[in-house]
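Each remark here refers to the structure printed beneath this line.
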Amino acid sequence: RVHGVPKTPKNKLFAALFSIIPSRGLYNQIEQQDLTHFSSFLRKSEIITDKDDIQAYNIDWLKKYKGECPLVLAPSNVQQVSQILDYCNKRRIAVVPQGGNTGLVGGSVPVYDEIVLTLKNLNKVIELSLIHISEPTRQAEISYAVFCLKKK
C-alpha cells in the first residue's frame, strides 16, 4: 500500500492502480554523504543533480510514466558501476538501471526517489564472441557484445 493513499479509493480505476504500485520499501534516502562518496570516483559530469537535466531520466519514452528521481549517475566504466551498486547495497539505497530509456512499459522509470543509474556512457564494444546453440530441429547462432565506456 502506498503511504498517504486511502485503503479504498472511491474511483475503481484508482483502486486497481494503487493495488499494483509497490510500497517504497525500507530504503534510505540520498544524503550529502552519498554525493560525497560518488564524487570520490565519478567526474562532476557523471553526477547529475539539476532538476531540469534529470527530467529526461524521470519520464519514459512515451511520456506515460513519470518518476521523482533526485540523482542520476552516469558511470564511464564497469568498475564504477560495481562501486555504485556495492555502495548502494550497503547503504540500502534503491537504484533503477536505465539503458536507452526507450521501453514501452515504464520499467526504467523510478517509482519513488531511487537513483537512476544510466548506462549511456557504456557505449564501446570491447569484445565480440559467438555462441553456437544446437537444438534437435535447428541451429541458432547468437552474438553478444560486452560494452564498455568510450575513453574520454
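Small disclaimer: the values here were computed from a predicted structure and weren't measured. We count residues from 1, following the sequence as given.
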Do [X] and [Y] sit in one hydrophobic cluster, given that two such residues count as connected whenever their side-chain heavy atoms are within less than 4.5 Å of each other, even indirectly?
X: Leu73; Y: Leu122; answer: yes
X: Ile93; Y: Leu119; answer: yes
X: Ile30; Y: Val95; answer: yes

Inset, instruction - Heavy atoms only: give me the nearest Ala74-Thr118 pair and the separation to one decimal. - result: CB-CG2, 3.4 Å
Inset, instruction - Provide the closest heavy-atom pair for Val81 versus Pro75 in the form atom of the first, atom of the second, distance. - result: CG2-CG, 3.5 Å
Under 3.5 Å, side-chain donor or acceptor atoms of residues 84-91 against the rest of the protein: list the pairs with distances, not counting sequence neighbours.
| unit_1 | atom_1 | unit_2 | atom_2 | d |
| --- | --- | --- | --- | --- |
| Asp86 | OD2 | Lys90 | NZ | 3.1 |
| Tyr87 | OH | Asp34 | OD1 | 2.5 |
| Arg91 | NE | Asp34 | OD1 | 2.8 |
| Arg91 | NH2 | Asp34 | OD1 | 3.3 |
| Arg91 | NH2 | Asp34 | OD2 | 3.0 |

If only atom types and distance count, is the side chain of [X] paired as donor or acceptor with the main-chain N or O of [Y] below 3.5 Å?
X: Gln98; Y: Ser108; result: yes
X: Gln80; Y: Phe41; result: yes
X: Thr36; Y: Gln32; result: yes
X: Gln55; Y: Asp52; result: no

Inset, instruction - Please list, chain by chain and in numerical order, all residues satisfying side-chain contact (heavy atoms from CB on, under 4.5 Å) with Glu68, sequence neighbours excluded. - result: Lys66
Inset, instruction - Please name all residues satisfying side-chain contact (heavy atoms from CB on, under 4.5 Å) with Ser39, sequence neighbours left out, ordered by chain then number. - result: Ile47
Legend entry - Pairs where residues 92-102 contributes a residue and the test salt bridge (Lys or Arg N to Asp or Glu O under 4.0 Å) is met, not counting sequence neighbours: none
Inset, instruction - Keeping to residues at least two apart or across chains, list the salt bridge (Lys or Arg N to Asp or Glu O under 4.0 Å) pairs with something in residues 72-81. - result: none
Inset, instruction - Would you mind listing the cluster partners of Val72? Hydrophobic ones only (ILVMFWY), side-chain contacts under 4.5 Å, chaining allowed. - result: Ile48, Ile54, Tyr57, Val116
Inset, instruction - Given side chain to side chain contact (heavy atoms under 4.5 Å, CB included), test Tyr65 with Val111 step by step and report yes or no. - result: CA-CA 9 Å; Tyr65 303 101; Val111 177; over 6 Å; no
Inset, instruction - May I ask you to test the Cys69-Ile115 pair for a side-chain heavy-atom distance under 4.5 Å? - result: no
Inset, instruction - With rounding to the nearest 0.5 Å, note down the distance linking CG in Leu62 to NZ in Lys64. - result: 7.5 Å
Inset, instruction - Nearest 0.5 Å please: distance from the OH atom of Tyr27 over to the CD atom of Glu114. - result: 9.0 Å
Inset, instruction - Could you walk me through whether Leu35 and Leu71 pass the side chain to side chain contact (heavy atoms under 4.5 Å, CB included) test, one step at a time? - result: CA-CA 9 Å; Leu35 293 173; Leu71 173 65; 3.7 Å; yes
Inset, instruction - Please name all residues satisfying side chain to side chain donor-acceptor pair (under 3.5 Å) with Asp113, sequence neighbours left out, ordered by chain then number. - result: Arg24, Gln29
